[in-house]
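What follows is a single structure, written as structure tokens, with notes after it.
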There are 2 protein chains.
Amino acid sequence: MIKEKGQLLLDYINRYVSLTKEEEELLLSKVTYRAYLKGQFIVQQGDICKYECFVLSGCTKTSYIDGEGQEHIVMFSIEDWWTADMGSFITQTPADYNVQCIEKTELIMFSYDIIEDLYTAIPKLERFFRQIIQKAFVASQKRIVRSFSLSAKERYVYFRNQYPKIEQRIPQYMIASYLGITKEFLSKIKSELISEQ
Amino acid sequence: MIKEKGQLLLDYINRYVSLTKEEEELLLSKVTYRAYLKGQFIVQQGDICKYECFVLSGCTKTSYIDGEGQEHIVMFSIEDWWTADMGSFITQTPADYNVQCIEKTELIMFSYDIIEDLYTAIPKLERFFRQIIQKAFVASQKRIVRSFSLSAKERYVYFRNQYPKIEQRIPQYMIASYLGITKEFLSKIKSELISEQ
DNA sequence: ATAAAAAGTTAAACTAGATTAACATGATTT
DNA sequence: AAATCATGTTAATCTAGTTTAACTTTTTAT
């Protein structure tokens, strides 16, 4: 299974660094393939997050339940992206977030216990992860900027343009949560956008 | 100069990885010490950001000027932290942010042209930067969560508790900008907090 | 096919925070 | 010491987005 599915991961990694055949084999021998059903949790708030996961197919949401029991979605992860509670993973302390599948989702999982060995055996992976985390950090900073320099409507239009494929696959109330607004207000925004042209 | 000032940087790095004496010397021979005056810019919106900077002393703000000419502060960096426009640095494209000193500030600068050589010569640095960027990413995600699950007053109280030292050093209108509110509203929040007890 | 549950819509009343504007205090320069 | 400029305050008015609640549409399960 991992042989067959692993190629997608290798292709992805090789966009950043070039692994030798031996390194590729070693890597695939250390990671785990797993499929989750829609609704299943990869991480639950309070768990110790044991895995960094590469998404082969499907979609997950990373969310936070606040004091009033309200869910706030922090990110979606689709094919060719990563999912985990990074904070919990790197410190091995209880997770702040839930990671839940909103479609049937296939993952390749890097466990905490083996990732250090992998870094030692394949130093290029350290570079690879540094690069993708740098990109994730930059994206996260840009999201903060958008959250205070754009109105809700502008953020929605930005989201729709940036992630046209995601929008089709996700219920609207989750998009509202990701944008930091209520589902009612998103509904209003959408009807305004329609009547605008 | 770098000999004398560099020890702070080495101490910081050695909290994450252990460098040999030779690696320490090589590192210090490749980086640059520089002092900026209050008000000077390290990066200006539109520049290509050439340096990742470690802050030895002083304080910088990283901010964004929006379409209406409003400044939005994305982060402050003080002693023992980093400053740059990471997005511009990693892609060598024009910066979205200004990085400006709000005090006299001493830096150690890692230039884009030498950092790749350093990674090659000292692979441990790759690990070091991976680790600090992971931490920065986690902090950035947490800030997004706070921005939509806390009120302005709660965010201010959080900031005050989290960064008591920074608050004293920074004009209030910059704190308001960082919190994503107007200076007038922060003023109101402060007077409410005083009358509350 | 039907019922039940989940997701989306609309509209009225409300509130956190913005805007405007006038004033107060403090710091810097001459 | 006065003048200027940057920073901070207060209060009235306004608005983007929330809340509540009733209703409609779509999806899922039986």
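Just so it is clear, the values below take in all heavy atoms, side chains as well, and ignore hydrogens, waters and symmetry mates. Here is how names work: the chains are called A, B, and so on, in the same order as the sequence lines, proteins then strands, and each is numbered from 1.
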In whole angstroms, how far is the [atom2] atom of [N] from the [atom1] atom of [X]?
X	N	atom1	atom2	value
A/R169	C/dA7	CZ	C1'	19 Å
A/K153	D/dG17	NZ	C1'	13 Å
A/E192	C/dA11	CD	C1'	13 Å
A/I102	C/dA7	CD1	C1'	14 Å
B/K188	C/dA18	NZ	P	10 Å
B/L193	D/dT9	CG	P	12 Å
A/F148	C/dG17	CZ	P	15 Å
B/E184	C/dA24	CD	P	16 Å

For this session: Fit a plane to each ring of A/Y16 and A/F128, take the angle between them on a 0 to 90° scale, and name the class: parallel (under 30°), tilted (30 to 60°) or perpendicular (over 60°).
Result: perpendicular

For this session: Return the orientation label for the A/Y178 and A/F76 ring planes: parallel under 30°, perpendicular over 60°, tilted otherwise.
Result: tilted

Exercise. Closest nucleotide of DNA chain D for A/K183 versus for A/A152: which of these residues is on the 5' side?
Worked result: A/A152

Exercise. Is a donor on one side and an acceptor on the other found under 3.5 Å between the side chain of B/R34 and the backbone of B/L107?
Worked result: no

Exercise. Quick check: does any side chain N or O of A/S177 sit under 3.5 Å from a backbone N or O of A/E71, one acting as donor and the other as acceptor?
Worked result: yes

For this session: Please determine, by modelled atom types, if A/R160 and A/Y158 share a side-chain donor-acceptor pair under 3.5 angstrom.
Result: no

Exercise. So which nucleotide from D/dT10, D/dG17, C/dT10 ends up closest to the side chain of A/S191?
Worked result: C/dT10

Problem set entry | Candidates D/dT18, C/dA21, D/dA21 - which lies nearest the side chain of A/F185 | D/dT18

Show the distances under 3.5 angstrom between N or O atoms of the protein and N or O atoms of nucleotides 28-30 of chain D.
none

Exercise. Looking at DNA chain C, which of residues 170-182 of chain A put a heavy atom within less than 4.0 Å of it?
Worked result: A/P171, A/Q172, A/Y173

Exercise. Residues from residues 63-78 of chain A sitting under 4.0 Å of DNA chain C, heavy atoms only?
Worked result: none

Exercise. Would one find more than 12 heavy atoms of other residues, nucleotides or ligands at under 6.0 Å from atom NZ of B/K135?
Worked result: no

For this session: Among B/Y97, B/Y51, B/Y112, find the one that has a ring-ring contact (aromatic ring centres under 6.0 Å, His included) with B/F89.
Result: B/Y112

Salt-bridge criterion met for [X] and [Y] (N-O under 4.0 Å):
X	Y	value
B/K38	B/E103	no
A/D80	A/R15	yes
A/K30	A/E23	no

Problem set entry | B/R127 charged N/C atom sitting above B/Y119 aromatic ring, 6.0 Å / 45° | no

